[in-house]
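Notes follow once the structure below has been shown.
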Protein chains: 2
Amino acid sequence: MSKCEQCIVREFSSLKALTKDELVKLSDCKTSHIIKKGEVIFEEGENVNGIYCIKDGVCKLTKLSANGKDHIVKLVTKGELLGQRSMISDEPVNLSAVALEDMQVCFIPKSEVMGYFDKNNQFSMNVMKSICGDLKEADDHMVNLAQKTVKERLAETLLYLNDTFGKNEDNSLKVQLSRDELASIIGTATESCIRLLSDFKKLGLIELTGKKIVLKDINALKKLAE
Amino acid sequence: MSKCEQCIVREFSSLKALTKDELVKLSDCKTSHIIKKGEVIFEEGENVNGIYCIKDGVCKLTKLSANGKDHIVKLVTKGELLGQRSMISDEPVNLSAVALEDMQVCFIPKSEVMGYFDKNNQFSMNVMKSICGDLKEADDHMVNLAQKTVKERLAETLLYLNDTFGKNEDNSLKVQLSRDELASIIGTATESCIRLLSDFKKLGLIELTGKKIVLKDINALKKLAE
DNA sequence: TCTTTAATATGACAAATATCATATTTTTAA
DNA sequence: TTAAAAATATGATATTTGTCATATTAAAGA
């Protein structure tokens, strides 16, 4: 079992506030898991009873809409924690988490985490700040969905993927989403998403090779995204 | 100056965790304000340096979109706190707050509130839970904006206004919004909103008398909202 | 009160987006 | 490897939604 004290990823999450003693104790009670691409970490409505720390990989957080379609609310990657909101609210999780690529995650039981809230003020503040960041992001995202066109949202999302997750050696976006997933981030029909990608390609803004997407003209995309 | 110890509204917010001593101290440093309908409490981008406790009235939290239109992210009413996220993140506020009716609010400076975070764990937990509630709401709202039609969103919003803020003696919705404001909650053009309200009226779902809206057939509206 | 301005309403039309059908390509698994 | 299934692509068309023009009504100020 790997030691939390030596885990670099910890430095990027709220857990960086933990003391050496707390980390040693944490190592003993956490469990490590390998999640394969496509596998579910938890499902909307479940009682998770703890948080997941992402050591490697990217997952999507989705919510089922009344029309039966999944909407992708957020992408989460290494260094971030999952299930904080649910644990603090003491409610089932509001979103499902599904791996977009192979992942390494550690599960920390609720009992352990709640202890930190009592004894480690810096940890509390870190968690609070992280949730506040999520809230700001959600509000901003909401305004975009309400006010921007599908084309603007697609351009914006491509730039977001590029900025947040970077690109491979061949310049293609590192996070590979299906057209369906891309559509369910921007909130449109799969066909509309495919059509707009084709348009972008014809305009020389992007290059498409199978699932791979290469951003060719970032400035033009920025203009499109407004 | 009214005393916080005797303020009933306090019981409905995170402030309910404060001790008698803390409340006495709070009474001394808080400032009370009357805000007239239409007046701005704070504006997006401002440094607020504290939180507002709403003693009476309702306000809208809005964000300016790139297209120049305001989007209403949330309505907030008595017993709730404003500016928590900004204070915790130590950032300018992300949203503007504008009174929808005459309001009474109290301002509590940051220095005072931050002290509670250190010394009063229950207060911290309350604030965290409240922000977690906002986040869940925002995520749910996001999915609705992305996946539901304007008609569904309008029906849902009317029901929300009814459930959350209640109605007057004449059965009309207590919170009076202009068509423009209603449109900027559901994320559509003002004309589309007006048109759909007319449709709802023709179908006997609602009654319109000037700005007043009476919900006539709640079950049918629920079906429409899915 | 009267005048001016703003809000609400509605028609006509344009643009954006969704849906359905179907072809093509890619992936999966027998 | 090959057959079946899934994902991607594109056309045709319907529906939804936005925009512009213009009444009509309500509200605000002189």
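Remember, predicted model here, so these are calculated numbers, not experimental data.
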**Item:** Rounded distance [0.5 Å steps], CG in A:Asp217 versus CD1 in A:Ile206
**Value:** 11.5 Å

**Complete:** Terminal axes of the helix from C:dT1-D:dA30 to C:dA30-D:dT1 (5 end pairs apiece), angle rounded to 10 degrees, sit apart by 50°

**Message:** Taking side chain to side chain contact (heavy atoms under 4.5 Å, CB included) as the definition, give me every residue that meets it alongside B:Ser65, ordered by chain and number, with sequence neighbours left out.
**Reply:** A:Val143, A:Gln147, B:Asn67

**Request:** Take the angle between the ring planes of A:Phe165 and A:Tyr160 and call it parallel below 30°, perpendicular above 60°, tilted in between.
**Result:** perpendicular

**Request:** Return no unless some side-chain N or O of A:Lys211 is found under 4.0 Å from OP1 or OP2 of C:dT26.
**Result:** no

**Item:** Atom pair CG (A:Leu82) and CZ (A:Phe107), whose distance is rounded to the nearest 0.5 Å
**Value:** 11.0 Å

**Request:** Quick one: list whatever passes side chain to side chain contact (heavy atoms under 4.5 Å, CB included) with B:Ser14, sequence neighbours left out.
**Result:** B:Leu81, B:Gln84, B:Phe123, B:Asn126, B:Val127, B:Ser130

**Message:** With the threshold set at under 4.0 Å for non-hydrogen atoms, list the residues of residues 146-156 of chain A touching DNA chain C in residue-number order.
**Reply:** A:Thr149, A:Val150

**Prompt:** Can you name the side chain to side chain contact (heavy atoms under 4.5 Å, CB included) partners of B:Ala155, sequence neighbours left out?
**Reply:** B:Phe200, B:Leu221, B:Leu224, B:Ala225

**Message:** Show, in sequence, the C-alpha distance, side-chain angles and deciding distance for A:Lys74 and A:Asp134, and conclude whether the salt bridge (charged side-chain N to carboxylate O under 4.0 Å, His left out) test is met.
**Reply:** CA-CA 9 Å; A:Lys74 188 175 159 61; A:Asp134 288 348; 3.6 Å; yes

**Asked** A:Val9 versus A:Ile54: any side-chain heavy-atom pair under 4.5 Å?
**Response** no

**Request:** Keeping to residues at least two apart or across chains, list the salt bridge (Lys or Arg N to Asp or Glu O under 4.0 Å) pairs with something in residues 183-202 of chain B.
**Result:** none

**Item:** Contact list for residues 82-98 of chain B, test salt bridge (Lys or Arg N to Asp or Glu O under 4.0 Å), sequence neighbours left out
**Value:** B:Arg85-B:Glu91, B:Asp90-B:Lys110

**Asked** Residues from residues 185-205 of chain B sitting under 4.0 Å of DNA chain D, heavy atoms only?
**Response** B:Thr188, B:Ala189, B:Glu191, B:Ser192, B:Arg195

**Asked** With sequence neighbours left out, what residues match A:Lys69 under side-chain hydrogen bond (donor to acceptor under 3.5 Å, both in side chains)?
**Response** none

**Asked** Does anyone know the first and last nucleotide of DNA chain D in reach of chain B, 5' to 3', at under 4.0 angstrom to a heavy atom?
**Response** D:dT17 to D:dC20

**Request:** Could you tell me the separation between the CG atom of A:Asn67 and the C1' atom of C:dA18, rounded to a whole number of Å?
**Result:** 12 Å

**Request:** With sequence neighbours excluded, tell me which residues meet side-chain hydrogen bond (donor to acceptor under 3.5 Å, both in side chains) with B:Lys148.
**Result:** B:Glu156

**Asked** Quick one: side-chain hydrogen bond (donor to acceptor under 3.5 Å, both in side chains) pairs with a partner in residues 162-172 of chain B, sequence neighbours left out?
**Response** B:Asn168-B:Ser172, B:Asp170-B:Ser172

